[in-house]
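Please read the structure below before turning to the comments.
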Amino acid sequence: MNISKKKSRPKAITPRGFRDNFHSYLKKREEVQRVVNRVYELYGFERLETPAVETVDALGKFLPDINRPNEGVFAWQDENDAWLALRYDLTAPLARAFSQHRNTLQVPYKRYSFGPVWRNEKPGPDRFKEFYQFDADIVGTSSFMADAEMCFIVFDVLKELGFSTGDYCTRISNRKILSGLIQAVKLADTTILGDIELVVFRAIDKLDRLGLEGVKNLLAKGRTDSSGDFTEGANLSADQIDTIISFLQITNDDPNKTLEEMKFLIGDSEIGRQGLSELSNITDTLLSKDISNLSFKIDPSVVRGLAYYTGTVFETELSTPTGSLGSISGGGRYDDLVSRFTGQKVPSTGVSIGIDRLVSFLHECDGNNEKGVVDVLVTVMDENLIHHYIKIATELRENGINTDLYVGNPKDFGKQMKYADLRGAAFAIVVGTNEVEADIVQIKDLKLGSKLADNISSNEEWKEQPAQFPVKREALTKKILELLRR
RNA sequence: GCCGAUGUAGCUCAGUUGGUUAGAGCACUAGAUUGUGGAUCUAGGGGUCGUUGGUUCGAAUCCAACCAUCGGUACCA
């Protein structure tokens, strides 16, 4: 008989790739959300909310196989064995919702969405399995003005969040130009993505991380990384590699010069020329609008979602004095996504802002002067006076003052002060029998007291309580409101 | 998936060449100082020493496998 056998306790940990977010972070996120909402609505976008769950079919994933049921997504079968999954972005649900409700929606349909998305992938230092996206899309127009609007939106959002043009830059390109390049080096005649093109595009996409040498290796035989792992390359010829590499090196602050140089390398590829003219239109539009927060350049190394984008692609990077935050936003034109459902071409374009990094950064920035939720702590001096305390707390709350009534063990009064301090309360209310008899309450200014404490050395000075003063009981609320307004 | 590093209390870590009942600080709970700000004192809770197997009279310690975490890399709508 061994009753005291140890029970195993559950481990208190967040699952890998997930996070707990606390008060001040969430407040900051709400703030950012308000700003982005406002900008989207200024541009005439309306909100849409779709469920977290979609059918796997709608998301455009192949059925998970038995060995790897959740490749990339979180998927499961419902009671009828149909596959469902958590959404992995906000665009696929938009395509589905638009197709489903298209007879009641105005085209072009401008909508924005905010919410968490989930990806069942290995998390990294700044990558998680659950993160928030903030998307704006225009469904049903092929106008380059729609693409340009996406760029303007990002500029405006960043401006409203307090960043300046030196902090960010949007890199713009066009997928048709890449297709033209593929034709120019005679890799393929089709515009349909084959295996080699995919390898080439992936290699180009890694330019910023691996540098020209790394990309060159990936275009040739392959590349061995620092851990000794080998990645198979595209096995292109030296001529082909040279052309692609010189294409990638086209970087000019003058967008029109960049376009000139691209034109030269693309040659007479039909699709490439088309891409160039689209890119040129967007550039003209961006430059024509005389705005102060414009910061972009044409960059041939922008690739993004491989099976997704069909034309314009762009990506915005944010760098701050403390270092680069990386890409915080991206998007582009996807003309084929809706036609999966409707069978008709519905050209669309959109932008997605990943706000987690933005929020983390902004949260760290003002991490030092955080304000707690609690304005006032009502302390418990004497447990027999609890009805007094409740009355005070209720009165303060009715007047919109965030009030915490101490509900811990009240025996150690010093501990209540410590608690008030740690919660960030601005004031403590102290009422004992003396105060009740005199019909007063003591208000203690915790912020002032904390400041004074630096210059206090003796215990006697403490006892004088310079940061504390009495007011008449009925004047309490008015006084607190006045003090909080300072 | 591949490569590498690391696993002892909620957190940060000690733990000797293998040797009693595995420790400290912080945090937490209670008590004391009987009405005031990160204080002091006392007591307490909290550990399958990542897991399993092996060597041994004896394993947190030595060996093996596995698992997990972290980092890099691949994939990425």
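Just the heavy atoms: all of them, side chains too, but no hydrogens, waters or symmetry mates, feed the values below. The sequence lines fix the lettering, A, B, ..., with proteins before strands; numbering per chain opens at 1.
- For A:F144, there are no ring-ring contact (aromatic ring centres under 6.0 Å, His included) partners two or more places apart in sequence or in a different chain.
- Looking at A:W118 and A:Y88, their side chains never come closer than 4.5 Å, going by heavy atoms from C-beta outward.
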Look for any protein N or O under 3.5 Å of an N or O in nucleotides 67-70 of chain B and output each such pair with its distance, or none.
| residue | atom | partner | partner atom | Å |
| --- | --- | --- | --- | --- |
| B:C70 | OP2 | A:R16 | NH1 | 2.3 |

Derivation of the side-chain contact (heavy atoms from CB on, under 4.5 Å) call for A:R127 and A:K122: CA-CA 8 Å; A:R127 298 186 61 173; A:K122 184 189 162 184; over 6 Å; no
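- Rounded to an integer number of Å, the gap from CG of A:N120 to P of B:C76 is 16 Å.
- By the 5.5 Å and 30° criteria, A:Y88 is stacked with the base of B:A77.
- Between B:A14 and B:U61, the two C1' atoms lie 14 Å apart (nearest whole Å).
- In this structure, A:R87 has no side chain to side chain donor-acceptor pair (under 3.5 Å) partners at least two apart in sequence or on a different chain.
- Judged by distance alone, with hydrogens and angles left aside, A:Q468 brings a side-chain donor or acceptor within reach of the base of B:U36, the pair sitting under 3.5 Å.
- At the phosphate of B:C76, neither OP1 nor OP2 sits under 4.0 Å from any side-chain N or O atom of A:R127.
- Taken from CE in A:M417 to NZ in A:K444, the straight-line distance is 5.0 Å, to the nearest 0.5 Å.
- Between the base of B:A77 and the side chain of A:E121 there is a donor-acceptor pair shorter than 3.5 Å.
- Between the OG1 atom in A:T310 and the CG atom in A:D336 there is a gap of 5.5 Å [rounded to 0.5 Å].
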Secondary structure of RNA chain B per the Watson-Crick/G-U criterion (both distances under 3.5 Å; [ ] crossing, | other strand, . unpaired) is (((((((..((((.....[...)))).(((((.......))))).....(((((..]....))))))))))))....
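- Rounded to whole Å, the separation between the C1' atoms of B:C26 and B:G46 comes to 14 Å.
- A heavy-atom distance below 4.0 Å to RNA chain B is reached by these residues of residues 373-395 of chain A, ordered by number: A:M381.
- Nucleotides B:C49 and B:A30 are separated by 29 Å at their C1' atoms, to the nearest Å.
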Under 3.5 Å between N/O atoms: give me all the protein pairs with nucleotides 28-30 of chain B, atom names plus distance.
| residue | atom | partner | partner atom | Å |
| --- | --- | --- | --- | --- |
| B:A30 | OP1 | A:N409 | ND2 | 3.3 |

Let's go through A:D299 and A:S301 carefully: what are the C-alpha distance in whole Å and the side-chain angles of both, what is the deciding distance for side chain to side chain donor-acceptor pair (under 3.5 Å) to 0.1 Å, and is it a yes or a no? CA-CA 6 Å; A:D299 186 331; A:S301 68; 2.8 Å; yes
Could you walk me through whether A:R29 and A:Q33 pass the side chain to side chain donor-acceptor pair (under 3.5 Å) test, one step at a time? CA-CA 6 Å; A:R29 184 165 77 198; A:Q33 195 185 337; 5.6 Å; no
Evaluate A:D382 against A:Y389 for side chain to side chain donor-acceptor pair (under 3.5 Å), listing each step before the verdict. CA-CA 10 Å; A:D382 183 339; A:Y389 304 140; over 6 Å; no
